[in-house]
K.L.:
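I'd like to ask some things about the structure below.
In what follows, chains are A, B, ... by sequence order, proteins preceding strands, each numbered from 1.
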Number of protein chains: 2
Amino acid sequence: MDERQALVAFGALSQETRLRLLRSLVVAGPDGIAAGSLAEQVGVSPSNVSFHLKELERAGLVTARRDARSIVYSAEYDALSGLIRFLMEDCCSGRPEICAPALATPCCQPGEGRRQ
Amino acid sequence: MDERQALVAFGALSQETRLRLLRSLVVAGPDGIAAGSLAEQVGVSPSNVSFHLKELERAGLVTARRDARSIVYSAEYDALSGLIRFLMEDCCSGRPEICAPALATPCCQPGEGRRQ
DNA sequence: TCAATATTTCAAGGATTATTGAAACGTGGA
DNA sequence: TCCACGTTTCAATAATCCTTGAAATATTGA
């Protein structure tokens, strides 16, 4: 993940609808969700959801595949972990004390989910 | 770090000048850097650097204090680690396998700096 | 107090991004 | 083949963001 990719990725995550879309896709797992279902879940119009999905795709955070009439999107886990890594490396450059609290996050121990 | 804060923070990081500013401030450490020096370092006009620093401040990623004629900015380490944490919790909700590769990042082991 | 320094604020302009609805496209079933 | 479905594309508009330079503010030292 180079700086340019990170910039685009941050831009993609800075919009409410897109953040919700990505969250749904992460929770859905590798099987993904069809564009239409996503539109219902986040409550926006089909053309608007298409616009934002394209933006997430441009950022490399999701991928699309056709399944019959539907187009199924799924989260790109590698890109997400790459972005976390970019942020950690940027922040920690010379300052490991920044990452330490984040690394204490319990979400990634096996069996743990999102904090309430 | 709630969703609204995260959205603003991602927006702040999605701009090249601001990302450079933040990087300089992180490397500089808690002592911070004066606005004018930052303007020189990143190569933008004083008024433009002021605009972007205000944006970073609005996002909670930096703080400002006056020191004589200068205004000295410094990175808000807590906000940065909070953002990393938000990303990890969001990504890992139900999917710890996303974070695992990011957590293998060597940057945060004591004594390590940014990866080359 | 005056001038110089460091920075911010403001207004104007241009550039990018978001939303909307209509039209177009590809797919599968009758 | 034809129609319905799911989705994308397009054009137009609205909204937001970025840049620029000039003027304003606060501070320091002569």
K.L.:
Just the rounded figure in Å: distance from P of D/dC18 to NZ of B/Lys54.
P.N.:
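Answer to the nearest Å: 12 Å.
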
K.L.:
Report the distance from atom CD of B/Glu16 to atom P of C/dT16, rounded to the nearest whole Å.
P.N.:
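Nearest whole value for this atom pair: 13 Å.
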
K.L.:
Does any donor-acceptor pair link the side chain of B/Arg69 with the base of D/dA26 at a separation under 3.5 Å?
P.N.:
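Per atom types, no contact qualifies.
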
K.L.:
Mind calculating the distance between CZ (B/Arg65) and C1' (D/dA26) to the nearest angstrom?
P.N.:
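Distance, rounded to whole Å: 17 Å.
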
K.L.:
Are A/Val42 and A/Ile33 joined in one hydrophobic group, where the rule is that I, L, V, M, F, W and Y side chains link up if heavy atoms are under 4.5 Å apart?
P.N.:
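Looking at the clustering, A/Ile33 is in the same group as A/Val42.
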
K.L.:
How about B/Glu3: does its CD atom have over 12 heavy atoms from other parts shown lying under 6.0 Å from it?
P.N.:
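Yes, enclosed.
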
K.L.:
Can you tell me the distance, in whole Å, between the CG atom of B/Leu19 and the C1' atom of D/dC17?
P.N.:
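In whole Å, D/dC17 C1' and B/Leu19 CG are 17 Å from each other.
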
K.L.:
Send over the distance from B/Phe51 CZ to C/dT9 C1', rounded to a whole Å.
P.N.:
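Whole-Å distance recorded here is 12 Å.
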
K.L.:
If you look at every strand shown and take non-hydrogen atoms under 4.0 Å, does A/Ser70 touch a base, only sugar-phosphate, or nothing?
P.N.:
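Sugar-phosphate contact only - A/Ser70 comes under 4.0 Å of backbone atoms but never of a base.
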
K.L.:
With a 4.0 Å limit, can you tell me whether A/Ser47 has a side-chain N or O closer than that to the phosphate oxygens OP1/OP2 of D/dT9?
P.N.:
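Looking at the OP1 and OP2 atoms of D/dT9, neither is under 4.0 Å from any side-chain N or O of A/Ser47.
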
K.L.:
Starting at atom CG of A/Leu7, determine the distance to atom C1' of D/dC18, rounded to an integer number of angstrom.
P.N.:
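Taking CG of A/Leu7 and C1' of D/dC18, I get 14 Å after rounding.
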
K.L.:
Between P on C/dT19 and CG on A/Leu21, what's the gap in Å once rounded to a whole number?
P.N.:
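Rounded to whole Å, this separation is 11 Å.
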
K.L.:
From C-beta outward on A/Ile71, which listed nucleotide comes closest to its side chain: C/dT9, D/dT8, D/dT19?
P.N.:
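Nucleotide nearest to A/Ile71's side chain: D/dT8.
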
K.L.:
Checking contacts here: which listed nucleotide (C/dT8, D/dT9, D/dT19) is nearest the side-chain heavy atoms of B/Asn48?
P.N.:
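Ranking C/dT8, D/dT9, D/dT19 by closest atom to the B/Asn48 side chain puts D/dT19 first.
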
K.L.:
Identify whether any heavy atom of A/Gln15 sits under 4.0 Å from a base atom; if not, whether one sits that close to sugar-phosphate; answer base, sugar-phosphate or nothing.
P.N.:
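The residue A/Gln15 makes sugar-phosphate contact but no base contact.
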
K.L.:
Could you pull out the closest heavy-atom pair between B/Ala34 and B/Ser70, with the gap in Å?
P.N.:
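Scanning both residues completely, I find the closest heavy atoms to be CB-CB, 3.9 Å.
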
K.L.:
Reckon A/Tyr73 has a side-chain N or O less than 4.0 Å from the OP1 or OP2 of D/dT8?
P.N.:
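True: A/Tyr73 side-chain N/O within range (under 4.0 Å) of D/dT8 OP1/OP2.
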
K.L.:
Measure the shortest side-chain to side-chain distance between B/Glu57 and B/Glu76 over non-hydrogen atoms and say whether it is less than 4.5 angstrom.
P.N.:
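No, their side chains stay 4.5 Å or more apart.
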
K.L.:
Would you call A/Arg58 and A/Glu55 a salt bridge, taking side-chain N to carboxylate O under 4.0 Å as the test?
P.N.:
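A salt bridge is present here (some side-chain N lies under 4.0 Å from a carboxylate O).
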
K.L.:
Indicate whether OP1 or OP2 belonging to C/dT19 is found under 4.0 Å from a side-chain N or O atom of A/His52.
P.N.:
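Result: yes.
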
K.L.:
Just how far, in rounded Å, is P of C/dT7 from CD of B/Glu40?
P.N.:
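Rounding to the nearest Å, CD of B/Glu40 and P of C/dT7 are 10 Å apart.
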
K.L.:
Here's a test of your reading of the structure: between A/Ser14 and A/Arg66, which maps to the more 5' nucleotide of DNA chain C?
P.N.:
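Between the two, 5'-proximity favours A/Ser14.
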
K.L.:
Base, sugar-phosphate, or nothing for A/Ala39, non-hydrogen atoms under 4.0 angstrom?
P.N.:
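Nothing, no nucleic acid heavy atom in range.
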
